[in-house]
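Scroll down for the structure; my scribbles are underneath it.
A quick note: this is a predicted structure, and the numbers were derived from the prediction, not measured. Side chains are part of it too, since the values below use all heavy atoms of this structure and drop only hydrogens, waters and symmetry mates. Start at 1 with the first residue, then count along the sequence.
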Amino acid sequence: MKKSLLLTMVCLLTGMSLFAQRSFYGRPVRLGFKVDPVFVNTLRPLENGLEKGSSGFGVNYGLMADVQFSDTRGAFATGLEVAHASSSILIKDAAKGLYSGSDNQEYKLKLQYLQIPLSVKLKTNDQNGFRWWGQFGTYMGALIGSRLDYTSGAKSEDNVNIMKKTNKVNMGLLLGAGGEYRLAEKTDLYFGVGFENGFTDITKNKDWNDDKVALNRWALRLGVFF
């Protein structure tokens, strides 16, 4: 899995570099690197008997690319990133949960996704090297890691591999806003805040018997465009 991930990122970086040297159907392409600290990860249950637990920290990191529209005030924004999330849910119904039989269960999921954002980014005019931007779109993630810490009655265990008991795909709504500051002729500092509203049932598996649990995240956006 690690070799496949590395190969995918290398191929994408190579392809983006070739586009950046020329253009994408006549539209300039900006490339960059990002590190997004995620300060809120929330597993959101949509059924009675389940409650949100503690919110864990996370991080997204990887490549980003802006395919500019006809002027510099808009772009199709995409890229390739690795997303780490950590959060917990509480189950009060003894008939539900991965280890049912207790009405006091706590599950902390530690998830990793290979994720592709797809969005439209609109920007204000440049004012002394600075401009604001807003972003709206979606994201698609493929599960590459899933671990679990749990307590269920008298039973407890840490770092259990639950790849086969976690939904392999995560999708949702992507929103963001922030600014860019020109550091040099072709180097821009990128910053802001973003929200990911998950649509997918993270625990979609008959073993959970918990209906839908979605993943929501708030993150800082930090990166550099070249």
Side-chain angles (χ1 to χ4, degrees), residues 8-42 44 55-86 113-141 170-199 214-226:
T8 302
M9 295 187 73
V10 168
C11 290
L12 184 68
L13 178 58
T14 302
M16 286 181 173
S17 298
L18 293 174
F19 284 141
Q21 290 170 10
R22 302 175 299 170
S23 62
F24 188 78
Y25 291 100
R27 297 170 181 171
V29 177
R30 296 196 310 161
L31 299 179
F33 295 96
K34 61 182 293 187
V35 177
D36 298 345
V38 181
F39 55 90
V40 176
N41 288 282
T42 303
R44 177 171 53 92
S55 172
F57 293 96
V59 65
N60 293 7
Y61 55 86
L63 309 172
M64 53 185 179
D66 278 6
V67 181
Q68 307 282 15
F69 293 162
S70 56
D71 60 31
T72 60
R73 293 178 298 172
F76 173 70
T78 185
L80 182 68
E81 59 191 32
V82 178
H84 295 257
S86 174
Y113 295 95
L114 184 62
Q115 190 163 284
I116 298 176
L118 301 167
S119 66
V120 173
K121 186 188 295 180
L122 300 178
K123 311 170 190 178
T124 63
N125 291 325
D126 190 300
Q127 294 290 333
N128 298 319
F130 180 85
R131 57 185 172 183
W132 297 102
W133 57 264
Q135 185 178 24
F136 176 83
T138 186
Y139 61 91
M140 297 179 290
N170 186 31
M171 299 178 62
L173 175 68
L174 175 64
L175 299 172
E180 293 182 7
Y181 182 72
R182 180 64 50 85
L183 297 176
E185 182 180 355
K186 294 184 179 181
T187 305
D188 297 322
L189 178 65
Y190 167 86
F191 57 90
V193 63
F195 175 60
E196 298 176 3
N197 181 31
F199 297 152
L215 177 64
N216 290 355
R217 313 176 78 212
W218 285 93
L220 298 177
R221 304 293 193 208
L222 303 173
V224 177
F225 277 109
F226 300 98

Check: If we only count heavy atoms from C-beta on, is the Val120 to Phe136 side-chain gap below 4.5 Å?
Finding: no
Margin query: Restricting to non-hydrogen atoms, name the atom on Tyr139 and the atom on Asn197 that form the minimum distance, rounded to 0.1 Å.
Written below: OH-C, 3.8 Å
Check: Looking at Phe226 and Gly32, what are the two nearest heavy atoms and their distance?
Finding: CD1-CA, 4.3 Å
Checklist line | Atom pair CG (Asn216) and CZ (Arg44), whose distance is rounded to the nearest 0.5 Å | finding: 4.5 Å
Notebook entry, point to check: Quick one: does Ser55's side chain have a donor or acceptor within less than 3.5 Å of a partner on Val40's backbone?
Noted result: no
Note to self: Nearest 0.5 Å, please: how far is NE2 in His84 from CD in Gln115?
What the structure shows: 11.0 Å
Margin query: Surrounding CZ of Arg131 (heavy atoms of other residues, nucleotides or ligands, distance under 6.0 Å), is the total greater than 12?
Written below: yes
Next item on the list: Specify whether Phe225 and Tyr190 have parallel, tilted or perpendicular ring planes, treating 30° as the upper limit for parallel and 60° as the lower limit for perpendicular.
Entry: perpendicular
Margin query: Return the CG to OH distance between Leu80 and Tyr61, rounded to the nearest 0.5 Å.
Written below: 11.0 Å
Next item on the list: State plainly whether the residues Arg217 and Asp36 are in salt-bridge range, i.e. N to O under 4.0 Å.
Entry: no
Check: Would Leu63 and Phe33 count as a side chain to side chain contact (heavy atoms under 4.5 Å, CB included) if you check the C-alpha gap in whole Å, the side-chain angles of each, and the deciding distance to 0.1 Å?
Finding: CA-CA 5 Å; Leu63 309 172; Phe33 295 96; 3.1 Å; yes
Next item on the list: State, to 0.1 Å, how close Tyr181 and Asn128 come at their nearest heavy-atom pair, and which atoms those are.
Entry: CE1-O, 4.2 Å
Note to self: Give me the atom names and distance for the closest heavy-atom approach of Pro117 to Gly79.
What the structure shows: CD-O, 3.8 Å
Next item on the list: Start with the C-alpha gap between Phe191 and Leu220, add the side-chain angles, then the distance that decides, and say whether side chain to side chain contact (heavy atoms under 4.5 Å, CB included) holds.
Entry: CA-CA 7 Å; Phe191 57 90; Leu220 298 177; over 6 Å; no
Next item on the list: Could you tell me whether a side-chain N or O of Trp133 sits under 3.5 Å from a main-chain N or O of Leu122, the two making a donor and an acceptor?
Entry: no
Checklist line | Student check: side-chain heavy atoms of Leu173 and Phe195 closer than 4.5 Å | finding: no
Margin query: Under a 3.5 Å distance rule, please check whether Thr138 uses its side chain to pair with a backbone N or O of Gly172 as donor and acceptor.
Written below: yes
Notebook entry, point to check: So, Asn41 side chain and Gly56 main chain: donor-acceptor pair closer than 3.5 Å or not?
Noted result: yes
Next item on the list: Quick one: pull up NZ in Lys34 and CZ in Arg221 and give me the separation to the nearest 0.5 Å.
Entry: 5.0 Å
Margin query: Quick check: closest heavy atoms across Ala77 and Lys121, and the distance to 0.1 Å?
Written below: CB-CE, 4.1 Å
Note to self: To the closest 0.5 Å, what do you measure between NZ (Lys186) and CG (Leu31)?
What the structure shows: 12.0 Å
Margin query: Show the nearest heavy-atom pair for residues Thr187 and Arg182, with the distance to one decimal.
Written below: O-CD, 3.6 Å
Next item on the list: To the nearest 0.5 angstrom, please state how far the CG atom of Asn170 sits from the CD atom of Glu196.
Entry: 8.0 Å
